[in-house]
K.L.:
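My questions will all concern the structure given below.
Remember, it's a predicted structure, so these values are computed and weren't measured experimentally. Below, all heavy atoms of this structure are taken into account, side chains as well, without hydrogens, waters or symmetry copies. Every chain is numbered from 1, with letters handed out A, B, ... down the list of sequences.
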Protein chains: 2
Amino acid sequence: MNDLESATSKRMKRDRSATLSENLRRSLEEMIVSGTLTPGERLDEMEIAERFKVSRTPVREALKALAAVGLVEMSGRQGLTVSAVSIPTLLEMFQLMAELEGLHARLAARRARQDHKDRLISTHEQLSDVLKRGDPQLFYDVNREFHEAIYDASQSEFLADQTRTLRRRVAPYRRYVTFQPGRMTATITEHQLILNAILVADADTAQRAARDHVNLLGDNLADFIASLPPGMTRRSA
Amino acid sequence: MNDLESATSKRMKRDRSATLSENLRRSLEEMIVSGTLTPGERLDEMEIAERFKVSRTPVREALKALAAVGLVEMSGRQGLTVSAVSIPTLLEMFQLMAELEGLHARLAARRARQDHKDRLISTHEQLSDVLKRGDPQLFYDVNREFHEAIYDASQSEFLADQTRTLRRRVAPYRRYVTFQPGRMTATITEHQLILNAILVADADTAQRAARDHVNLLGDNLADFIASLPPGMTRRSA
DNA sequence: AAATTATTGTTTGCATGCAAACTCCATGTT
DNA sequence: AACATGGAGTTTGCATGCAAACAATAATTT
């Protein structure tokens with residue numbers, strides 16, 4: 001029963017989520033979502049294994065899991081790549097995101113308790129502050145916080161999971177939109193509409209506002225893509 | 001260049017999707033979706049490996065993939081189980097399904113070409129015929145065909161993928177609803193409404209009709225669950 | 001007899017090894 | 001010279017083996 005002994009390496013393994021493959025999955029997912037690994041990039045099992053100092057087995061398991069969610073693609077034996085989604089698919093993703101966020105907002109308007117509302121309000125104010133400071137990365141993060149607050153208020157865990165999964169899939173592209181001029185300001189305005197509707201429990205308005213908010217994001221993305229020189233859409237590195 | 005030789009076992013491996021783990025994933029998924037493996041049931045790696053005459057490696061990869069989609073759960077080292085979803089989660093799933101199907105119907109109403117419409121009509125008629133014969137399993141399958149026809153007409157592949165994935169997740173429970181008295185007849189009526197709206201390109205009506213259709217399913221499920229003796233909802237074997 | 005510890009067995013997680021298949025380059029043939 | 005053919009190297013897919021962890025039972029102690 002020695003305190004020192006119980007804190008040794010044995011305890012390390014006790015951590016439930018401490019399987020190598022699970023940690024790898026998280027790491028790789030983060031790298032894909034954050035753009036460190038770019039869409040279309042080849043993923044070499046051995047390379048990753050060496051990089052993380054593990055064998056290929058947990059690497060393969062992690063990649064299998066990511067492939068099942070659609071973040072990586074395995075086309076037969078010719079190797080794995082970070083999923084590169086086509087423009088039409090990307091627009092579909094935003095369309096679906098719009099519906100999901102709309103549904104969350106609708107449910108939030110109906111179910112939000114006072115603590116949920118408080119969190120929404122404070123997060124929204126926080127985001128307004130960040131806007132003035134003009135830190136895009138921070139804005140990106142706090143913006144996510146605001147949406148998480150809506151998911152929380154909607155009290156729909158499964159729906160939230162689905163939404164987060166989709167969110168991660170569009171994340172590599174979403175950054176292009178977030179940093180568009182005027183988008184951050186517009187976001188604040190749009191959030192305000194959603195927030196107000198939730199606060200007064202106007203489900204229809206909340207749903208519409210949230211849906212429109214994401215659809216505008218999609219439009220911005222489409223605009224951005226259209227402004228790119230042709231061919232730029234294939235290469236994503 | 002011997003014909004006989006080129007047709008030997010070497011050719012077998014040429015099939016792109018012929019990796020053991022992929023085939024296993026399909027098989028296990030089918031078993032879960034069809035109810036052969038029941039929610040909550042323990043999945044033993046070795047047992048499955050022996051059953052399919054393969055090593056544990058592809059089994060583990062298949063299970064990892066299924067876990068990523070939510071069909072199986074792996075809680076730490078204490079083994080994997082077929083996912084058992086709680087009642088509230090199940091209702092959330094139907095709610096989301098309703099939105100997805102609604103979106104498909106909306107898009108289908110806007111985009112369906114004549115060939116899509118033909119397929120919808122013929123599938124609908126087919127389902128009506130099946131109703132008279134009273135074969136629940138066949139009804140289940142043709143019903144799926146009708147919905148597939150809608151996905152096809154909506155021309156949204158990604159959305160269709162997402163819908164199918166969710167469909168598979170609720171499949172183990174959906175059967176209870178399909179076989180409820182009166183449900184099949186009601187389904188035909190509801191499909192008719194969706195079909196009519198799509199044929200006349202009335203997007204709003206199509207969306208509402210499809211959404212209501214799935215929501216009614218959810219209601220039926222909720223009724224069925226409520227009619228079960230308490231405690232019956234936990235154990236699912 | 002009850003509780004705690006030992007121990008055995010089962011099951012998962014990971015590493016390693018091997019073979020099949022793909023890629024690419026070089027050599028050869030027409 | 002162009003195309004086909006062959007082979008080396010790379011990469012994936014799967015099997016096997018081992019060790020750590022969990023589960024359950026047996027044994028020991030109080």
K.L.:
Rounding to a whole Å, what distance do you find between Glu22(A):CD and dC14(C):C1'?
P.N.:
15 Å
K.L.:
Take the protein atom CG of Leu80(A) and the nucleotide atom P of dA21(C), then report the distance between them rounded to whole Å.
P.N.:
19 Å
K.L.:
Between Glu101(A) and His213(A), do the side chains contain an N or O donor and an N or O acceptor separated by less than 3.5 Å?
P.N.:
no
K.L.:
Is it the case that the side chains of Arg211(B) and Gln95(B) hold a donor-acceptor pair, with the cut-off being a distance below 3.5 Å and no angle test?
P.N.:
no
K.L.:
Taking CD from Glu45(A) and P from dC22(C), how many angstroms apart are they, rounded to a whole number?
P.N.:
16 Å
K.L.:
At 4.0 Å (heavy atoms only), tell me whether Leu43(A) reaches a base, stays on the sugar-phosphate, or touches nothing.
P.N.:
sugar-phosphate
K.L.:
Would you verify whether the NZ or CZ of Arg175(A) falls within 45 degrees of the ring axis of Tyr140(A) while also being under 6.0 Å from that six-membered ring's centre?
P.N.:
yes
K.L.:
Is a side-chain N or O of Thr178(B) found less than 3.5 angstrom from the main chain of Arg174(B), in a donor-acceptor match?
P.N.:
yes
K.L.:
Rounding to a whole Å, what distance do you find between Met46(B):CE and dG9(C):P?
P.N.:
14 Å
K.L.:
Quickly work out the Asp44(B) CG to dG9(C) P distance and round it to whole Å.
P.N.:
18 Å
K.L.:
Would you kindly give the CE-to-C1' distance between Met74(A) and dT12(D), to the nearest whole Å?
P.N.:
10 Å
K.L.:
Between His104(A) and Ser156(A), is there a side-chain donor-acceptor contact under 3.5 Å, judged purely by atom types and distance?
P.N.:
no
K.L.:
I need the residues from residues 49-68 of chain B with at least one non-hydrogen atom less than 4.0 Å from DNA chain C; give them sorted by number, or say none.
P.N.:
Arg56(B), Arg60(B)
K.L.:
Is the phosphate of dG13(C), meaning OP1 or OP2, less than 4.0 Å from a side-chain N or O of Ser21(A)?
P.N.:
no
K.L.:
Hey, could you give me the CG/CG distance between Asp115(B) and Asp152(B), rounded to the nearest 0.5 Å?
P.N.:
8.0 Å
